[in-house]
Amino acid sequence: MSETQREIGTLRVKTGLAEMLKGGVIMDVVTVEQAKIAEDAGAVAVMALERVPADIRAAGGVARMADPTIVESIVGSVSIPVMAKCRIGHFVEAQILESLGVDYIDESEVLTPADEEYHVNKLDFGVPFVCGCRNLGEALRRISEGAAMVRTKGEPGTGNVVEAVRHIRTVNDEIAWLTGLRSEQLFSAAKDLQAPYNLVKWVAENGKLPVVNFSAGGIATPADAALMMQLGCDGVFVGSGIFKSGDPAKRAKAIVEATTHFEDAEVIARVSRNLGEAMVGINISDIPDAERMQERGW
Amino acid sequence: MKVGVLALQGAFREHIYSLEALDVGAVAVRKPEQLDACVGLIIPGGESTAISKLMASYGFYAPIQARHGEGMAVWGTCAGSILTARVVVDGIEGQKSLELMDVAVRRNAYGRQADSFEADLEFAGLSEAYRGIFIRAPWIESVGEGVEVLARHEGHIVAARQGNCLSTTFHPELTGDPRVHRYFIENVIGSQLRGPQGR
């Protein structure tokens with residue numbers, strides 16, 4: 001026996017980083033100062049952005065990958081992993097982000113899609129990808145394209161957790177449904193889910209997704225984070241919820257603690273006290289269909 | 001016999017599954033008082049900054065040090081190997097470790113995620129190579145007297161042991177290969193495994 005050379009960019013190395021993020025909170029940041037606040041609060045990673053989803057929603061127009069200067073400055077300022085978003089299907093933005101040294105790319109519906117038919121072929125990249133999903137079929141399509149981590153989408157920039165709950169419940173219900181099917185039914189289930197048969201079969205046999213699944217899109221309070229964890233997510237993304245609130249540092253730390261102690265109501269109650277103003281939320285029914293980010297992705 | 005796995009953040013579930021596959025009772029440790037029932041503790045991979053902040057908030061440092069002093073074995077993997085080291089190189093300002101092992105560990109030693117890798121290792125006492133998965137991994141830069149080096153990769157120390165404390169900078173819990181978990185139970189805790197899995 002002897003030691004062998006390094007093998008980089010393997011599936012285990014890509015999914016492995018997501019495994020290390022579990023039980024943690026990934027926070028959207030737009031400046032170096034915010035990134036440091038997030039790291040100090042105990043974030044497991046930061047998402048480097050030009051604008052948080054609530055501001056993207058307010059600004060309208062086309063939302064693109066952040067300026068490389070912003071991404072680079074955040075990559076250089078914290079020691080925790082840095083993620084960044086590219087547009088759906090925009091593989092050149094993904095190439096740029098990979099060249100900047102980001103640790104994970106989020107091919108994200110928060111930005112304006114660049115391709116209305118195809119997602120990025122994520123198998124082409126050494127850097128791992130996370131993608132959004134609203135149901136099991138969407139999750140498995142993204143995994144077959146090479147996503148090493150998924151997140152339920154929720155409705156970004158709303159501070160309203162209802163869509164995040166809908167999406168994790170849908171994924172869980174569909175997994176439970178698959179596990180009850182006979183082997184010959186799985187072929188037809190793959191057709192119904194519009195997902196590759198081999199992944200459908202794997203989920204039916206194992207009763208879980210083959211990669212880590214975080215929750216995103218609307219988490220604004222420690223209780224929201226714990227709710228998503230109790231519903232079976234592996235961790236949470238908090239976008240606008242922290243830096244659109246009255247006391248970001250305190251709220252960030254509270255959400256981290258609630259995510260760890262998600263089954264301990266006494267801890268969640270204690271960290272929920274005196275957090276200041278939460279972000280102002282939006283009711284989903286007040287958002288015109290065309291502005292619902294969760295509909296983006298195919 | 002119960003082995004605790006520190007369950008504040010990171011890949012603690014995989015360690016619990018690995019222990020259960022060896023028929024060892026595993027406990028997810030979220031509160032310091034749970035340490036009293038544990039003969040060993042695994043500090044898993046995750047983000048060392050996040051885990052250390054949660055350890056501080058929930059008062060884990062002194063109880064782990066005290067239980068270790070009473071004989072509780074401790075194994076740190078990746079982030080855990082940083083948290084058990086006496087010296088952390090390239091940590092964040094004020095990063096606190098448990099100082100259980102006389103080693104200096106360099107954080108993110110290989111670089112960013114693009115530099116994460118897997119490779120076969122020679123691990124002391126194992127007859128076949130062990131597949132090491134290194135994710136934004138640290139390495140052990142130097143060791144004090146009384147620290148036994150168990151594995152190196154490209155010259156860097158990636159596994160070491162001092163008394164009842166074990167440190168691996170890679171992730172045995174992600175491989176499904178039980179040999180390092182078995183080493184921890186049998187050689188570091190010093191307890192014989194039961195059943196066919198123990199052979």
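To find a chain, count down the sequence lines: A is the first, B the second, and so on, and within it residues start at 1. Quick caveat, the model's predicted, so the values are computed rather than measured.
When heavy atoms are compared at a cutoff of 4.5 Å, Arg136(B) approaches chain A solely by way of its side chain, counted from C-beta outward. Ile133(B) touches chain A through its side chain: at least one heavy atom from C-beta onward sits under 4.5 Å away, while N, CA, C and O do not. Both the backbone and the side chain of His153(B) come within less than 4.5 Å of a heavy atom of chain A. For Leu8(B), the parts sitting under 4.5 Å from any heavy atom of chain A are the backbone and the side chain alike. Interface residue Ser57(B): only side-chain heavy atoms are found under 4.5 Å from chain A. For Ala7(B), the part sitting under 4.5 Å from any heavy atom of chain A is the backbone (N, CA, C, O) and nothing else.
With chain A as partner, the option from Lys31(B), Arg152(B), Arg30(B), Glu154(B) having the largest number of non-hydrogen pairs under 4.5 angstrom is Glu154(B). Per-residue counts of heavy-atom pairs under 4.5 Å with chain A were compared for Glu47(B), Glu93(B), Arg112(B); the largest is that of Arg112(B).
Atom OG1 of residue Thr15(A) and atom CG of residue Leu174(B) lie 7.5 Å apart, to the nearest 0.5 angstrom. Taken to the nearest 0.5 Å, the NZ atom of Lys14(A) stands 9.5 Å off from the CD atom of Gln113(B).
Residue Gln5(A) places its CD atom among 12 or fewer non-hydrogen atoms of other residues, nucleotides or ligands, all under 6.0 Å distant. In the displayed structure, Ile8(A) atom CD1 is contacted under 6.0 Å by at most 12 heavy atoms of other residues, nucleotides or ligands. Annotation for Tyr110(B): atom OH counts as buried by contact number, over 12 foreign heavy atoms lying within 6.0 Å.
Within residues 257-266 of chain A, the residues approaching chain B closer than 4.5 Å by heavy atoms are, in numerical order, Glu257(A), Thr260(A), His261(A), Phe262(A), Asp264(A).
Counting heavy atoms from C-beta outward, Ile135(B) and Glu19(A) have side chains that stay 4.5 Å or more apart. Here the side chains of Glu14(B) and Lys22(A) are in contact, with some heavy-atom distance below 4.5 Å. Between Val13(A) and Phe134(B), the closest side-chain pair of non-hydrogen atoms is not below 4.5 Å.
Note on Asp234(A) versus Arg13(B): salt bridge recorded, some NZ/NE/NH1/NH2 to OD/OE distance being below 4.0 Å.
Proximity of a side-chain donor or acceptor of Thr4(A) to a complementary backbone N or O of Asp120(B) within less than 3.5 Å is detected.
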For this session: Begin with the C-alpha distance, continue with both residues' side-chain angles, and end with the deciding distance and a verdict on salt bridge (Lys or Arg N to Asp or Glu O under 4.0 Å) for Glu7(A) and Arg131(B).
Result: CA-CA 11 Å; Glu7(A) 231 186 295; Arg131(B) 191 70 173 168; 2.5 Å; yes
